[in-house]
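Source: prediction; values computed, not measured. Residue indices begin at 1 and follow the sequence shown.
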Amino acid sequence: MKTHLNTLYITTQGTYLGKSGESVQVRAEGKVLAQLPLHNLEGVVCFGRVGCSPSLLGACAERGVSVSLLTQHGRFLAAVRGNTSGNVLLRRQQYRLADRPEVALDVARRIVLAKVANSRSVLLRAARDCVAGDAARLDTLRREGGRLAASAPGLREATTIDQVRGLEGEAATHYFGAFDALLSPSASAEAFRFTGRSRRPPLDRINALLSFLYTLVLHDARSACESVGLDPCVGFLHADRPGKPALALDLMEEFRAFVADRLAFSLINRRQVSADGFEVRENGAVLMNDATRKAVLAAYQQRKRETLAHPFLEEQTTVGMLVHLQALLLARWIRGDLDAYPPFLWKG
């Protein structure tokens, strides 16, 4: 079983990472800021103008520590990884199954059903936390939660992946329609109003926050696929496209609402991020400033340390291990050890 280790996030521009013995040495302006043992790391994520020595990249590749390079504001650029782990027979079987429409449909349907169920749980959990007298929010959360539940029969009866994707889109419309009700009434809530999903660039604060968190979850999902020997670029729900991590995107669907969305609204409602922690550019793009980005990274790491019982394995684990466990279950199903892939269902 993979051990839940730490991810090193570097956000300070001009930082240089080098290898010192068996450690990563973090340097900036001629000073050593930190030194961390490689065996305690599972990944290094570099934002913007961050340099890495060839010897460190080689050491990370040898030890299975993934190094991801992102823009300063979180857009994925490239990753450095070592030799492909796992058995070539597992990947060949993954390709064969992904090419069979009836198999791909079954996996896609299971993933989307789990995504919708987890989204509904997020809404209903927020409804339970509504204070007395907050009838409008309560009504919205329950109404859209009910609509998400109503989409399940259609998903179960879908006969093509395109139908599954269409129903997923309809469910997302209902879910996003309740997004503002996830905000607790406060003076700063108006600054985080959700008007619709926007990316590349995000056009408001909540989209900037969500896009950044989705990038972090995708990094973890991609690493999880690699760690169990699966090809992160060949998925079942998401179509193949050069450079697109389709399987990692498949896996992260189960965790968007449970991990990223819940954390985003928790940060806002607990006032761990504020409206002035974002910059609005001339083209309308909204970006987090350095202090907000660091606060979000710290909260994400803390979230990954929280524990819960895995509903299928019935074992205690951490939130950070969930995506690795799901990748492992997917690999077991591909090998034929399981009759079907069991997606993650959050019992909120």
Side-chain angles (χ1 to χ4, degrees), residues 2-19 23-26 28 34 36 38-85 199-200 208-233 235 238 241-252 255-256 259-260 263 287-288 290 293-294 296-301 303-304 319-324 327:
K2 184 178 175 64
T3 304
H4 179 34
L5 299 174
N6 292 315
T7 300
L8 173 62
Y9 299 101
I10 304 294
T11 61
T12 302
Q13 301 304 287
T15 302
Y16 188 78
L17 306 181
K19 180 173 178 289
S23 299
V24 180
Q25 192 176 73
V26 183
L36 304 164
L38 272 169
H39 67 264
N40 283 343
L41 294 175
E42 64 180 352
V44 179
V45 182
C46 304
F47 292 86
R49 195 163 47 83
V50 177
C52 297
S53 73
S55 62
L56 175 64
L57 292 175
C60 287
E62 286 179 357
R63 291 158 181 77
V65 179
S66 62
V67 180
S68 292
L69 308 176
L70 282 62
T71 67
Q72 187 177 354
H73 302 292
R75 183 168 60 84
F76 179 84
L77 295 174
V80 178
R81 303 177 194 281
N83 289 329
T84 300
S85 61
R199 300 176 293 173
R200 300 177 187 175
L209 196 49
L210 290 175
S211 292
F212 187 69
L213 286 167
Y214 291 159
T215 299
L216 300 180
V217 177
L218 180 59
H219 165 83
D220 290 347
R222 190 169 186 152
S223 297
C225 291
E226 293 276 4
S227 70
V228 301
L230 293 171
D231 187 335
C233 293
H238 290 83
R241 198 171 66 199
K244 178 181 176 181
L247 187 64
L249 289 166
D250 285 0
L251 268 185
M252 75 174 286
F255 300 102
R256 283 183 189 269
V259 176
L263 180 57
L287 305 171
M288 286 186 280
D290 286 345
R293 195 176 301 114
K294 288 177 181 177
V296 174
L297 288 170
Y300 182 68
Q301 283 292 83
R303 179 90 175 92
K304 287 168 68 174
V319 170
M321 277 299 296
L322 285 174
V323 70
H324 290 280

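- In this structure, the side chains of Leu216 and Leu297 come closer than 4.5 Å at one or more pairs of heavy atoms.
- With respect to Pro245, the side chain to side chain contact (heavy atoms under 4.5 Å, CB included) criterion is satisfied by exactly one of Asp231, Leu251, Leu218: Leu218.
- The minimum heavy-atom distance linking Asp220 with Lys304 is given by the pair OD2-NZ, 3.1 Å.
- Rounding to the nearest 0.5 Å gives a distance of 5.0 Å between CG of Leu17 and CD1 of Ile10.
- Under the 4.5 Å side-chain criterion, counting only non-hydrogen atoms from C-beta, Leu209 is in contact with Met288.
- For the pair His324 and Ser223, the tightest heavy-atom approach, listed with the atom from each and the gap, is CE1-C, 4.3 Å.
- Phe47 and Tyr9 have tilted rings, their planes meeting at an angle from 30° to 60° on a 0 to 90° scale.
- Nearest heavy-atom pair, Pro54 versus Tyr16, reported as atom, atom and distance to 0.1 Å: CD-OH, 4.5 Å.
- Atoms CG and OH, on Leu213 and Tyr300 in that order, are 8.0 Å from each other to the nearest 0.5 Å.
- Taking both residues in full, the closest heavy atoms of Val65 and Leu38 are given as CG2-O, 4.1 Å, listed atom of the first, atom of the second, then distance.
- Considering CG of Asp290 and OG1 of Thr12, their distance stands at 7.5 Å, rounded to 0.5 Å.
- Rounding to the nearest 0.5 angstrom, the gap separating the CZ atom in Arg222 from the CG atom in Leu230 is 13.5 Å.
- Using a distance-only test at 3.5 Å, with no hydrogens or angles considered, no donor-acceptor pair links the side chain of Gln25 to the main chain of Gly18.
- When all heavy atoms of Cys225 and Pro232 are compared, the closest pair comes out as CB-CB, 3.9 Å.
- Summarising the geometry, atom SG belonging to Cys52 is positioned 14.0 Å from atom NZ belonging to Lys19; distances are rounded to the nearest 0.5 Å.
- In this structure, Val217 and Val323 have side chains that are not in contact, with every pair of non-hydrogen atoms separated by 4.5 Å or more.
- Between Met252 and Tyr214, the closest heavy-atom pair is CE-O, 3.5 Å.
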